[in-house]
Structure formats: C-alpha cells, structure tokens
Amino acid sequence: MPELPEVETIVRELQAVVPGARVRSVAVSLPKIVKLPVPRLRRAVLGSTIRHVHRRAKLVLIDLSSGWTLVIHLKMSGQLIWRPRRGRLRVGGHPIPQGTTGWPNKYSHVIIGASTGTLFFNDQRQFGHLKLVKTSELEQWLEEQEYGPEPLADDFTVELFLDLLRHHRRKRLKPTLMDQTVVAGVGNIYADEACHFARVRPQRRIASLTRRERRALYRGLRHVMALAIKHRGTSAYVYRRTDGGRGGMRPFLRVYGRGGQPCRRCGGAIIKTTLAGRGTHYCPNCQD
DNA sequence: TTCAATGTTTAGAC
DNA sequence: GGTCTAAACATTGA
C-alpha cells in the first residue's frame, strides 16, 4: 500500500474537507472487503456525521458521530477518493490506472454518499479492508494491534529506537524496519531509503550494526518520512481541478525503483535484489 | 508467457 | 522458540 507518508497525505486532505459531512448512503459492491455484515455497517454509519479523520500506522481512521470509527487499510493498491459537491477532487493511495477517468469505476468497492460529497474506497487488487471499531474503544483496540511507535512522534526517541533494535539482534535490518510492531508505518520504499541514508545494507544483521549506524538509521527514518510527507508521498495522486499533480516524492527517492542507475551520492550502480520476498534496492559502493 | 507491484498473514522448513 | 522463505490474497502491466 501506500506507506505512512501516502496515508498521512490523504488523511490530511480528508480531514481538511470532510468533517461535518452527514452520511446518507452506503453501497458495497465487494462484501469481502468489509469485515463485518454490511447491514451492520449501514446501521452504524447511516445518518451519522463525519467528525474526524486521522491515522495510526498505515490505517485511515474516520470517527463518526454515531460512536463508531471506520478503520480502513489500503494494503497494496487501495485508494480513497473524496468527490465533493463543490471543489476539487481529493485522491490518495495507489496511483490511478491509466485511462481511468471517473468514479465510481470497477474498483470502487465501497461508496459512502454524504451531504457534501462522496467517498470512494477503491482497490484494484482487493487486498484492502474496512472495519468498524467503537471510537471509545479505539485506543484499546489499537494497542491490541501492537503497533510500534510512530516514527515522527515526539516519543519516538533515539533511545527508544535503540532499545527496540536490541530485541531483534538476530534478524536482518530491513524486515525489522518493516515490522509494524517495531516502527509503525514503514514499508518497502522507505525502508530501502532509510537504509541508504544510513549507508547500511538492508540485509545486515541487527547485531552487526554499530551504534553510529543505528543512530544514522534513526535519523534516516525520520528524515525520509518527513520528506515524503512534505512531497505528499511517492505516487498518490492529488488532483487539482481536473488535470492534477501526483505525489512528488519520486524524484527524491535515492534507491527505490532505481536498479541499475547511478547512486545519487557516490555514482555506484544501484543493485536490485530480493529480501524477505520484497524488491530491495541499495548501493553496494556506499552502503556497507 | 512470466514476473513483479507502496502489505500482511500463515504454513512449513531448518 | 527464532528466523527464514514461499505462498496466498487478485489484478494489471511491463
């Protein structure tokens, strides 16, 4: 999916325009995406007002006046699209397939009609899901998911990060960074980018990392996430009127998707390999 | 035709 | 028990 920066981008977009909208209709064309009986979803959301849109890890959280929170995971190919009655479209998540011009389309699996616009939950690969959690129990529920700290939060200190790494000494670096119980929200793109920032190869064992390297990884995670949010993510489209621009992080990626191309730091050829089943990119010259 | 794609979970091997 | 890989989910496009 969209990783933390892409989810944060769409959450900010939605939070700016959606609160206050009253839900008037719910249409589900792919029931398996909704992890509860559709009639129950209807009862929980129809007639309620959207209060607040926020995020934890890669989850989009939409608080409703009914006391329920919609919990949406976009996984690999989910999108959220807000089409307001007036004003510009807000699109977040996976890039829109070429040729797609309107909504709903064949990937629009959940459509929530509201007083000021319509929210589309689209997902090409159908991996995403939508759940419902009582807002009063949301904090508790999130704790049960055992997410690690938010990498950009004030309480994510270097000391905490070093401590988390100590619990995974025998594991390889990149899968550990992507472990949502270690740090929340890190995915395949930004794990590679953080490793490059820290000049460390993704396949290194945690135990082999020097204190200096661990601290560089901490800085790398924070830097890469903040930069990606600043540029509105790597591929989330954010439409302005009809033509729109896309998430602008792509030109700032130093290794992801750049196999065979020269390293922007040292000129070495970026290697693309596989680690933990995921495409993994690094510079063999300046990452050790 | 084959493979890989911003995620997560699970089964099985060692 | 710990850690790894492959497969599964489903679809598309290079």
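Given the structure is predicted, the values throughout are model-derived calculations rather than measurements.
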Q: Give me the distance, rounded to whole Å, that separates dA10(C) from dT10(B) when you measure between the P atoms they each carry.
A: 16 Å
Q: For His129(A) and dT8(B), give me the distance from atom NE2 to atom P, rounded to whole Å.
A: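 So the two atoms are 9 Å apart, to the nearest Å.
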Q: For Watson-Crick and G-U wobble pairs within 3.5 Å on both distances, what is DNA chain C written in dot-bracket notation, | included for inter-strand pairing?
A: .||||||||.||||
Q: State which residues pass salt bridge (charged side-chain N to carboxylate O under 4.0 Å, His left out) with Arg42(A); sequence neighbours excluded, sorted by chain then number.
A: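 If we apply the salt bridge (charged side-chain N to carboxylate O under 4.0 Å, His left out) test to Arg42(A), skipping adjacent residues, there are no hits.
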Q: Can you sort out the partners of Arg214(A) under salt bridge (charged side-chain N to carboxylate O under 4.0 Å, His left out), two or more places apart, ordered by chain and number?
A: none
Q: Send over the distance from Lys58(A) NZ to dT9(B) C1', rounded to a whole Å.
A: 13 Å
Q: Does dT11(C) have OP1 or OP2 sitting under 4.0 Å from an N or O in the side chain of Gln126(A)?
A: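 Looking at the OP1 and OP2 atoms of dT11(C), one of them is under 4.0 Å from a side-chain N or O of Gln126(A).
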Q: Check salt bridge (charged side-chain N to carboxylate O under 4.0 Å, His left out) between Arg204(A) and all other residues, then give those that pass, not counting sequence neighbours.
A: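 Arg204(A): salt bridge (charged side-chain N to carboxylate O under 4.0 Å, His left out) contacts with Glu213(A).
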Q: Rounding to the closest angstrom, what is the interatomic distance between dT2(B) and dA7(C) at atom P?
A: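 Their P atoms lie roughly 15 Å apart.
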Q: Tell me which nucleotide among dT12(C), dA4(B), dG7(B) gets nearest to the side chain of Lys272(A).
A: dA4(B)
Q: Give me, pair by pair, the N or O atoms of the protein and of nucleotides 11-14 of chain B that are less than 3.5 Å apart, along with how far apart they are.
A:
none

Q: Mark this stacking check for Phe127(A) against dC9(C) as yes or no, applying ring centres under 5.5 Å and ring planes under 30°.
A: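 Whether judged by distance or by angle, Phe127(A) passes, so it stacks on the base of dC9(C).
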Q: Quick one: ring-ring contact (aromatic ring centres under 6.0 Å, His included) partners of Tyr147(A), sequence neighbours excluded?
A: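 Partners of Tyr147(A) under the ring-ring contact (aromatic ring centres under 6.0 Å, His included) test: none.
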Q: Using a 6.0 Å cut-off, check whether atom CD of Glu139(A) has over 12 heavy atoms from anything other than its own residue.
A: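 No - once you tally the heavy atoms of other residues, nucleotides and ligands closer than 6.0 Å, there are 12 at most.
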Q: With sequence neighbours excluded, tell me which residues meet salt bridge (charged side-chain N to carboxylate O under 4.0 Å, His left out) with Glu8(A).
A: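 Glu8(A) satisfies salt bridge (charged side-chain N to carboxylate O under 4.0 Å, His left out) with Arg12(A), Arg55(A) only.
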Q: Over how many whole Å does the gap from Arg278(A) atom CZ to dT8(B) atom P extend?
A: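 Atom-to-atom, Arg278(A) to dT8(B), this comes out as 9 Å.
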Q: Side chain of Gln180(A): nearest nucleotide among dC9(C), dT8(B), dT11(C)?
A: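 For the Gln180(A) side chain, the nearest candidate turns out to be dT8(B).
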Q: When the C1' atoms of dA5(B) and dC4(C) are considered, how many whole Å apart are they?
A: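 Nearest-Å result for dA5(B) against dC4(C) at atom C1': 22 Å.
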Q: Please give the distance between the P atoms of dG1(C) and dT8(B) as a whole number of Å.
A: 25 Å
Q: Is the ring pair Phe156(A)/Phe161(A) parallel, tilted or perpendicular, if the boundaries are 30 and 60 degrees?
A: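 Phe156(A) and Phe161(A): perpendicular rings.
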Q: For Lys32(A) and dC9(C), is the shortest distance between a side-chain N/O and OP1 or OP2 below 4.0 Å?
A: no
Q: Whole-Å distance between dA5(B) P and Met178(A) CE?
A: 11 Å
Q: Identify the residue among Lys174(A), Arg254(A), Lys272(A) that makes a salt bridge (charged side-chain N to carboxylate O under 4.0 Å, His left out) with Asp192(A).
A: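 It is Lys174(A), the one option of Lys174(A), Arg254(A), Lys272(A) that forms the salt bridge (charged side-chain N to carboxylate O under 4.0 Å, His left out) with Asp192(A).
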Q: With His129(A), which residues qualify under ring-ring contact (aromatic ring centres under 6.0 Å, His included), at least two apart?
A: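 For His129(A), the residues satisfying ring-ring contact (aromatic ring centres under 6.0 Å, His included) (neighbours in sequence not counted) are His73(A).
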Q: I'd like to check the ring-ring contact (aromatic ring centres under 6.0 Å, His included) partners of His109(A); sequence neighbours left out, ordered by chain and number.
A: none
Q: Quick one: salt bridge (charged side-chain N to carboxylate O under 4.0 Å, His left out) pairs with a partner in residues 102-131 of chain A, sequence neighbours left out?
A: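 Pairs touching residues 102-131 of chain A that pass the test: none.
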Q: Below 3.5 Å is the cut-off: list the nitrogen or oxygen pairs between protein and nucleotides 3-5 of chain C, distance only.
A:
from   : atom 1 : to        : atom 2 : distance (Å)
dC4(C) : OP1    : Arg172(A) : N      : 3.3
dC4(C) : OP1    : Arg205(A) : NH1    : 2.8

Q: How many Å lie between CG on Leu74(A) and P on dT8(B), as a whole number?
A: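 Result: 11 Å.
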Q: Measuring to OP1 and OP2 of dT8(B), would you say a side-chain N or O of His73(A) lies under 4.0 angstrom away?
A: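 Affirmative; the distance criterion is met.
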Q: What integer distance in Å separates Glu3(A):CD from dA5(B):P?
A: 13 Å
Q: Write down the distance between CE (Met76(A)) and P (dT9(B)), rounded to a whole number of angstrom.
A: 14 Å
Q: Whole-Å distance between dG13(C) C1' and Tyr107(A) OH?
A: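 My rounded result for the distance is 11 Å.
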Q: Kindly write out the residues that satisfy ring-ring contact (aromatic ring centres under 6.0 Å, His included) with His167(A), not counting sequence neighbours, or none if the list is empty.
A: none
Q: Which heavy-atom pair separates Trp103(A) from Arg83(A) by the least distance, and what is that distance?
A: O-NH1, 2.6 Å
